[in-house]
Trainee: 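I am attaching a structure below and will ask some questions about it afterwards.
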Amino acid sequence: MSQSPSLINDCFLHDKDRLRHGEVVELIVERLHRIVDTEDVRLDSALGRYLAESVTAPRNVPLHDNSAVDGYAFTHADYAKQQTLAVGARIPAGEANPPALVQGTAARIFTGAVMPPNADCVAMQEDCGLSEDGTEVTIPAGLRPGANRRLAGEDVKAGDDLLSLGQRLRPQDIAALASLGRANVGTYRRLKVAIVSTGDELVEPGQTDALERGQVFDSNRHMIASLCAGLPVELTDVGILRDDEDNIADALSKVAADHHVILTTGGASRGEEDHIVTTIDRLGKRHLWQIAIKPGRPMTFGQVGNCVFLGLPGNPVAAFVCFLLYCYPAMRLLGGGRHKEPQRFRIPAGFAIEKKKPDRRELVRGWLEPDDSGAMVARKFRHDGSGLISGLRSADGLIELDEQTVSVEQGDPVTYIPLSQFGISLR
Ligand SMILES: Nc1nc2c(c(=O)[nH]1)N[C@H]1C(S)=C(S)[C@@H](COP(=O)(O)OP(=O)(O)OC[C@H]3O[C@@H](n4cnc5c(N)ncnc54)[C@H](O)[C@@H]3O)O[C@H]1N2
Ligand code: MOO
């Protein structure tokens, strides 16, 4: 049978002819850029957003020298002469201008309170001896100049660059903004993302207790929605589309008109019932299809008008892995974030693989665990099937076997990518 120069040929590509993982990431980084506008949001809505401004400190934090402990402030020069000092002033936190320390005395002071002029040290109250009438304090030996004193600008100096454009806001960044007195921050708007499942066999969970033969509950859409929850997106759940090319094309062209991204699962390979690739070709432009990876080979990336189309494979593990490897970085870039390769760690393998196909990258579901000697090793889930959600459940990370790897022996260093790199928490 002669092969037409159509898409179907791609099915017969060998892995070495398919796009490699690194090339796909390059293509995504090259072709995708921010497509959302900016908006000011209150700090309590800013978590996880990408910054649309650079933030410079307008003033020192802390504003003034202050005490790090509850205790007694004193001058090191006095203490060098005598360890017992008369207790003078009392300085609670919030007092703006404490009086200057009288020479030879100590001031009762509390954590965060402004240091009185002349004082340069604080002794912790638990370490001090207080006379019965409370008028004298004995400071313990061995305190160095500057002990327990926090300097003005020690955290941040006026003019310091704190946060940069495109940076994702984490809880500690929100704390930094609040510490500068900011109530609002300039961010990029959330991406409008639509999620779709395709397949005649799919049934919405909750619709029935009794599946008929051949049916499966749609787990992918719920998994993808949960994965999206780790990104600043506004989600539209389109539901399940039946395997009908006109119906899929019609629905997706409508969704594309008012979304930045469409994420589909299923129908990505080339059976007669798989309509995603033909739909992209019909409605828009395909940037890639078929990657030399396992799982996830039939992943598709294209666009319908200005809407980015990410077609994930139907097998749940393939959909999960492709989301992390390709949709996550794509959506970061579209949403105004920067590309950041996940951190990869080299860990000894606590398993062996006798034979792995060359020329493709494999992402194996795994976790870290101490071996008998207490050294950390990477373990892999016992089955590689791309339909097994149990493999994903067991995993805290992906073990990445690159294109050159053809086997793995126990103890060989393997690359481990924690799922936390994608905002997925530990169990
Ligand atoms: N002849 C070929 N067959 C297959 C190829 C191939 O290249 N040639 N590729 C295989 C690979 S690799 C994958 S991955 C799958 C992906 O195919 P599709 O994206 O077309 O997915 P479907 O055929 O629609 O479904 C595959 C599998 O996943 C189940 N599924 C689909 N959607 C959901 C959902 N929302 N929730 C739960 N489970 C879902 C579906 O029932 C199938 O079992 O194709 C291989 N075949
Ligand atoms: O590569 Mo598919 O991704 O078998 O599962």
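Just so you know, ligand 1 is whichever comes first in the structure, and atom 1 is the first atom listed for that ligand. Residues take their numbers from the sequence shown, with the count starting at 1. Model, not experiment: these values are computed from the prediction.
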Trainee: Do Phe320 and Ile424 come close enough that some side-chain heavy atom pair is under 4.5 Å?
Mentor: yes
Trainee: So that I can tick it off, tell me whether Arg221 and Asp218 are bridged by a salt bridge, with the cut-off set at under 4.0 angstrom between side-chain N and carboxylate O.
Mentor: yes
Trainee: Flag Ala318 as yes when one of its N or O atoms lies below 3.5 Å from any N or O atom of ligand 1, and as no otherwise.
Mentor: no
Trainee: Measure Pro295 to ligand 2 on non-hydrogen atoms and call it side chain, backbone, both or neither using the 4.0 Å cut-off.
Mentor: both
Trainee: Among Gly266, Ser269, Gly214, which one puts a heavy atom closest to atom 46 (N) of ligand 1?
Mentor: Ser269
Trainee: Per the side chain to side chain contact (heavy atoms under 4.5 Å, CB included) rule, which among Glu341, Gln343, Glu400 passes with Ile417?
Mentor: Glu400
Trainee: Quick test of your reading of the structure: of Thr198, Asp218, Ile195, whose heavy atom lies closest to atom 35 (N) of ligand 1?
Mentor: Asp218
Trainee: Before you tell me yes or no, could you show the steps for His21 and Tyr326 under ring pair (Phe, Tyr, Trp, His ring centres under 6.0 Å), namely the whole-Å CA-CA distance, both residues' side-chain angles and the distance that decides it to 0.1 Å?
Mentor: CA-CA 9 Å; His21 167 76; Tyr326 309 118; 5.4 Å; yes
Trainee: Any nitrogen or oxygen of Gly314 lying under 3.5 Å from a nitrogen or oxygen in ligand 1? Just yes or no.
Mentor: yes
Trainee: Is the closest heavy atom of Gly296 to ligand 2 under 4.0 Å?
Mentor: yes
Trainee: Given Ser269, Pro313, Ser386, which has its nearest heavy atom closest to atom 5 (O) of ligand 2?
Mentor: Ser386
Trainee: Examine Arg365 relative to Phe381 and say whether NZ or CZ is less than 6.0 Å from the centre of the six-membered ring and inside a 45° cone about the ring axis.
Mentor: no
Trainee: Answer yes or no: does an N/O atom from Arg221 fall short of 3.5 Å to an N/O atom of ligand 1?
Mentor: no
Trainee: So, regarding Ser219 and ligand 1 (criterion: nitrogen or oxygen to nitrogen or oxygen, under 3.5 Å), is there a contact or not?
Mentor: yes
Trainee: Could you check whether Arg108 makes a cation-pi contact with Tyr72, meaning its NZ or CZ is under 6.0 Å from the centre of the six-membered ring and within 45° of the ring axis?
Mentor: yes
Trainee: Answer yes or no: does an N/O atom from Asn220 fall short of 3.5 Å to an N/O atom of ligand 1?
Mentor: yes
Trainee: Which residues pass the side chain to side chain contact (heavy atoms under 4.5 Å, CB included) test with Ser54, not counting sequence neighbours?
Mentor: Leu165
Trainee: Using side chain to side chain donor-acceptor pair (under 3.5 Å) as the criterion, list what pairs up with Glu26, not counting sequence neighbours.
Mentor: none
Trainee: Measuring from atom 26 (C) of ligand 1, which candidate in Ile276, Asn315, Leu312, Asp243 has the nearest non-hydrogen atom?
Mentor: Asn315
Trainee: Any atoms of ligand 2 less than 4.0 Å from a non-hydrogen atom of Ala318? List them with their elements.
Mentor: 3 (O), 5 (O)
